[in-house]
Amino acid sequence: MTKLYLDIDGVLVRGVRATEGIVEFLKFVTENFDCYWLTTHCHGDAKPVFLYLVSRVPSEALPYIEQIKPTTWGGWKTDAIDFSTPFYWIDDNLFEPERQALIKHDAFASFIAVDLMKNPHQLLEIKGQLKIT
């Protein structure tokens with residue numbers, strides 16, 4: 001099953017509000033991908049993620065959030081990515097060293113940039129970009 005790495009701020013929430021379509025999106029990705037948190041809110045333990053999101057997302061999203069696994073990473077989020085297997089990484093911010101790591105591993109196409117300011121419906125559109133294997 002393809003891995004999917006998921007950021008929170010700027011992807012699932014904007015400020016204190018959930019992104020439009022969050023429940024439908026989380027249901028889709030947790031049913032079709034091996035999902036991992038790749039966010040500053042998670043460093044080896046998913047509990048802080050749950051506590052951060054519980055007041056920001058609809059209660060219908062919580063069962064899906066609980067299915068997403070934690071990651072541990074160092075200075076850059078790409079430290080947590082398993083480049084030996086197919087993956088997607090959904091994030092709103094990509095630092096240059098992370099971009100270079102993706103290019104080095106011939107995986108830049110696996111990164112999906114989110115810009116909710118330009119497109120508040122982007123989560124639902126991303127579903128169409130993700131190929132289920």
Subject >> Residue of the set Ile65, Val57, Leu6 for which side-chain contact (heavy atoms from CB on, under 4.5 Å) holds with Leu12 >> reply: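 Exactly one candidate clears the test, Leu6.
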**OP:** Could you note down all residue pairs passing salt bridge (Lys or Arg N to Asp or Glu O under 4.0 Å) where residues 123-133 supplies at least one of them, sequence neighbours left out?
**Re:**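 Those involving residues 123-133 are Glu24-Lys127.
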Subject >> Pair listing, salt bridge (Lys or Arg N to Asp or Glu O under 4.0 Å) test, anchored in residues 33-42, at least two apart >> reply: Asp34-Lys69
Rounded distance (nearest 0.5 Å) linking atom [atom1] of [X] with atom [atom2] of [Y]:
{"X": "Tyr88", "Y": "Leu4", "atom1": "OH", "atom2": "CG", "answer": "9.0 Å"}
{"X": "Trp89", "Y": "Leu38", "atom1": "CH2", "atom2": "CG", "answer": "6.0 Å"}
{"X": "Glu20", "Y": "Leu123", "atom1": "CD", "atom2": "CG", "answer": "9.0 Å"}
{"X": "Asn32", "Y": "Thr2", "atom1": "CG", "atom2": "OG1", "answer": "10.0 Å"}
{"X": "Phe87", "Y": "Leu102", "atom1": "CZ", "atom2": "CG", "answer": "5.5 Å"}
{"X": "Ile8", "Y": "Cys42", "atom1": "CD1", "atom2": "SG", "answer": "7.5 Å"}

**OP:** Give a yes or no on whether the backbone of Glu31 and the side-chain of Gln67 come within a donor-acceptor separation of less than 3.5 Å.
**Re:** no
Joint cluster assignment, [X] & [Y], ILVMFWY side-chain distance < 4.5 Å:
{"X": "Tyr36", "Y": "Leu53", "result": "no"}
{"X": "Leu130", "Y": "Val11", "result": "yes"}
{"X": "Tyr5", "Y": "Ile132", "result": "no"}
{"X": "Leu116", "Y": "Ile22", "result": "yes"}
{"X": "Phe28", "Y": "Met1", "result": "no"}

**OP:** Could you give me the CA-CA distance, side-chain angles and deciding distance for Leu94 and Phe108, then say whether side-chain contact (heavy atoms from CB on, under 4.5 Å) is met?
**Re:** CA-CA 11 Å; Leu94 182 66; Phe108 190 74; 3.7 Å; yes
Of all pairs that satisfy side-chain hydrogen bond (donor to acceptor under 3.5 Å, both in side chains), the ones with a partner from [range], not counting sequence neighbours:
{"range": "residues 71-80", "answer": "Asp7-Lys77, Lys77-Asp91"}
{"range": "residues 100-112", "answer": "Glu96-Gln100"}
{"range": "residues 52-66", "answer": "Asp9-Tyr52"}

Subject >> Check against side-chain contact (heavy atoms from CB on, under 4.5 Å), Val49 and Ile68 >> reply: CA-CA 10 Å; Val49 173; Ile68 302 174; over 6 Å; no
Which heavy atom of [X] sits nearest to which heavy atom of [Y], and what is that distance?
{"X": "Ala46", "Y": "Pro70", "result": "N-CB, 3.7 Å"}
{"X": "Val23", "Y": "Pro58", "result": "CG2-CG, 3.9 Å"}
{"X": "Gln122", "Y": "Ala113", "result": "NE2-O, 2.8 Å"}

**OP:** Flag yes if more than 12 heavy atoms outside Phe83 fall under 6.0 Å of its CZ atom; otherwise flag no.
**Re:** yes
Subject >> Contacts of type side-chain contact (heavy atoms from CB on, under 4.5 Å), residue Leu51, not counting sequence neighbours >> reply: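 For Leu51 the side-chain contact (heavy atoms from CB on, under 4.5 Å) partners, ignoring immediate neighbours, are Lys47.
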